[in-house]
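Both backbone and side-chain heavy atoms feed into the values below; hydrogens, waters and symmetry mates do not.
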Amino acid sequence: MKKTAKWITILAVSSLLAACQENNTAMKEDVSETVVTESTKDVHVHTNLTNEQKKIYDGYFDDAQVKDRKLSDWAGDWQSVYPYLLDGSLDEVFEHKASLNTEKTAEAYKEYYEVGYKTSVERIVIEGNHVTFYDHGHGHTGEYLYDGYEILTYTKGNRGVRYIFKLNGNGEGLPKYIQFSDHNISPKKVDHYHIYMGDDRNQLLEEMDNWPTFYFSHLDGHTIAHEMIAH
């Protein structure tokens, strides 16, 4: 009886150790899903993405993978993140980026993003084919129709896709073209985006320094900062 009890105890301990080892392996696999990669001009942390999704996000894809998208992918009520940069709400984002890239300080990141985020458009509402731009509190609405996409190749060899929409007719205070960039290359609802706005389609495609960025209007600066850090 004593020998039997002893063997039961040994088996129980062995099972417990095996379970612990399995959990540790699973935890290591989860951690390996977070990778630091370099995109066109910055360092991003990707979580819960497949290897193929990581490649696409960082701008490595085949032309055949690019698909047309509808304006509904960007539907919603959006706010510019530029005011949050100015009031310091995003400082922790720049500090986090600097911790991942020792060659650039938090102050340098903030200066870079201040150029990138700068815009007088504080809010954009997209419903159906209509886009309303709020500039200094004044709203201007126009109908925008799909005008195709352009694949851009960057200096580092990776690429990006601009999805382009053209104003139908004329409208005071409205850009003739808007171009969306959000790292996606096929239909997908987004939680934030970069937008290029202007009257010259080709000139907008050459713009690489200023990319006003918009998140949902119901989010506060603290929440946006933490979403950026997790991004």
Side-chain angles (χ1 to χ4, degrees), residues 39-40 42 44 46 49 53 56-59 61 65-85 90 113 116-135 137-152 159-169 171 173-221 223-228 230-231:
S39 69
T40 313
D42 199 3
H44 297 280
H46 306 308
L49 296 179
Q53 288 172 327
I56 291 173
Y57 190 97
D58 289 325
F61 52 83
Q65 293 177 277
V66 182
K67 307 299 180 185
D68 291 312
R69 297 171 69 182
K70 296 180 179 179
L71 192 57
S72 57
D73 277 4
W74 298 274
D77 192 324
W78 307 90
Q79 63 176 322
S80 167
V81 301
Y82 185 54
Y84 293 125
L85 180 145
L90 304 184
Y113 279 93
Y117 290 160
K118 188 172 184 179
T119 181
S120 62
V121 177
E122 64 260 13
R123 181 183 172 210
I124 297 176
V125 178
I126 301 174
E127 298 177 296
N129 289 327
H130 291 85
V131 182
T132 303
F133 300 89
Y134 290 88
D135 192 327
H138 301 288
H140 301 276
T141 303
E143 181 183 27
Y144 284 82
L145 304 178
Y146 187 51
D147 196 44
Y149 61 77
E150 297 287 346
I151 300 175
L152 306 182
R159 304 192 298 166
V161 179
R162 297 269 187 96
Y163 286 93
I164 306 168
F165 294 83
K166 183 179 180 180
L167 178 65
N168 185 24
L174 292 169
K176 187 173 182 179
Y177 292 96
I178 54 177
Q179 301 179 0
F180 292 97
S181 174
D182 56 27
H183 301 282
N184 296 297
I185 62 172
S186 58
K188 181 180 175 66
K189 293 285 289 183
V190 300
D191 54 16
H192 76 280
Y193 58 83
H194 311 295
I195 189 170
Y196 304 78
M197 301 167 279
D199 295 331
D200 188 317
R201 189 183 195 275
N202 291 329
Q203 187 176 25
L204 280 181
L205 291 171
E206 295 175 2
E207 176 60 69
M208 297 291 170
D209 297 321
N210 177 239
W211 17 265
T213 300
F214 287 76
Y215 276 73
F216 285 118
S217 291
H218 69 272
L219 302 176
D220 59 24
T223 302
I224 290 174
H226 280 261
E227 288 203 4
M228 287 181 172
H231 177 53

Peer 1: Who are the side chain to side chain donor-acceptor pair (under 3.5 Å) partners of Asp182, not counting sequence neighbours?
Peer 2: Arg69, Trp74, Asn184
Peer 1: Who are the side-chain contact (heavy atoms from CB on, under 4.5 Å) partners of Glu227, not counting sequence neighbours?
Peer 2: Tyr215, Leu219, Thr223
Peer 1: Output side-chain donor-acceptor pairs under 3.5 Å for residues 186-199, partner residues at least two apart or in another chain, one line each.
Peer 2:
unit_1 : atom_1 : unit_2 : atom_2 : d
Lys189 : NZ     : Ser72  : O      : 2.9
His194 : ND1    : Thr213 : OG1    : 2.7
Asp199 : OD1    : Lys176 : N      : 2.9

Peer 1: Quick one: side-chain contact (heavy atoms from CB on, under 4.5 Å) partners of Leu167, sequence neighbours excluded?
Peer 2: Tyr144, Leu174
Peer 1: Can you name the residues that form a ring pair (Phe, Tyr, Trp, His ring centres under 6.0 Å) with Phe216, not counting sequence neighbours?
Peer 2: Trp78, His218
Peer 1: Nearest 0.5 Å please: distance from the OH atom of Tyr149 over to the CD1 atom of Ile185.
Peer 2: 9.0 Å
Peer 1: What's the verdict on side-chain contact (heavy atoms from CB on, under 4.5 Å) for Tyr146 and Lys70, showing C-alpha distance, side-chain angles and the deciding distance?
Peer 2: CA-CA 7 Å; Tyr146 187 51; Lys70 296 180 179 179; over 6 Å; no
Peer 1: Does Tyr84 have any side chain to side chain donor-acceptor pair (under 3.5 Å) partners at least two apart in sequence or in another chain, and if so, which?
Peer 2: Gln79
Peer 1: For Asp77, does its backbone N or O pair with a side-chain atom of Arg123 as donor and acceptor, under 3.5 Å?
Peer 2: no
Peer 1: What residues, two or more places apart in sequence or in another chain, satisfy side chain to side chain donor-acceptor pair (under 3.5 Å) together with Asn202?
Peer 2: none
Peer 1: So, using side chain to side chain donor-acceptor pair (under 3.5 Å) as the criterion, who are the partners of Glu143 when residues are at least two apart?
Peer 2: Asn168
Peer 1: Scan the side chains in residues 127-135 for donor-acceptor partners under 3.5 Å anywhere in the protein, sequence neighbours excluded, and list what turns up.
Peer 2:
unit_1 : atom_1 : unit_2 : atom_2 : d
Thr132 : OG1    : Thr141 : OG1    : 2.6
Asp135 : OD1    : Ser120 : OG     : 3.4
Asp135 : OD2    : Ser120 : OG     : 2.9

Peer 1: At their closest point, which heavy atom of Tyr117 faces which heavy atom of Leu90, and how far apart are they?
Peer 2: CE1-CD1, 4.0 Å
Peer 1: To the nearest 0.5 Å, what is the distance between CD1 on Ile164 and CD on Gln179?
Peer 2: 4.5 Å
Peer 1: Who pairs with His226 by ring pair (Phe, Tyr, Trp, His ring centres under 6.0 Å), at least two apart in sequence or on another chain?
Peer 2: His222
Peer 1: Without swapping roles, check the side chain of Gln203 against the backbone of Leu205 for a donor-acceptor pair under 3.5 Å.
Peer 2: no
Peer 1: Which pair of heavy atoms, one from Ser80 and one from Thr119, lies closest together, and at what distance?
Peer 2: OG-CG2, 3.5 Å
Peer 1: Minimum heavy-atom separation for Ile126 and Phe180, please, with both atom names.
Peer 2: CD1-CZ, 3.9 Å
Peer 1: In Å and rounded to the nearest 0.5 Å, what is the CD1 to CD distance from Ile56 to Gln65?
Peer 2: 4.5 Å
Peer 1: Output all residues satisfying salt bridge (charged side-chain N to carboxylate O under 4.0 Å, His left out) with Arg201, sequence neighbours left out; order by chain, then residue number.
Peer 2: Asp147, Glu150
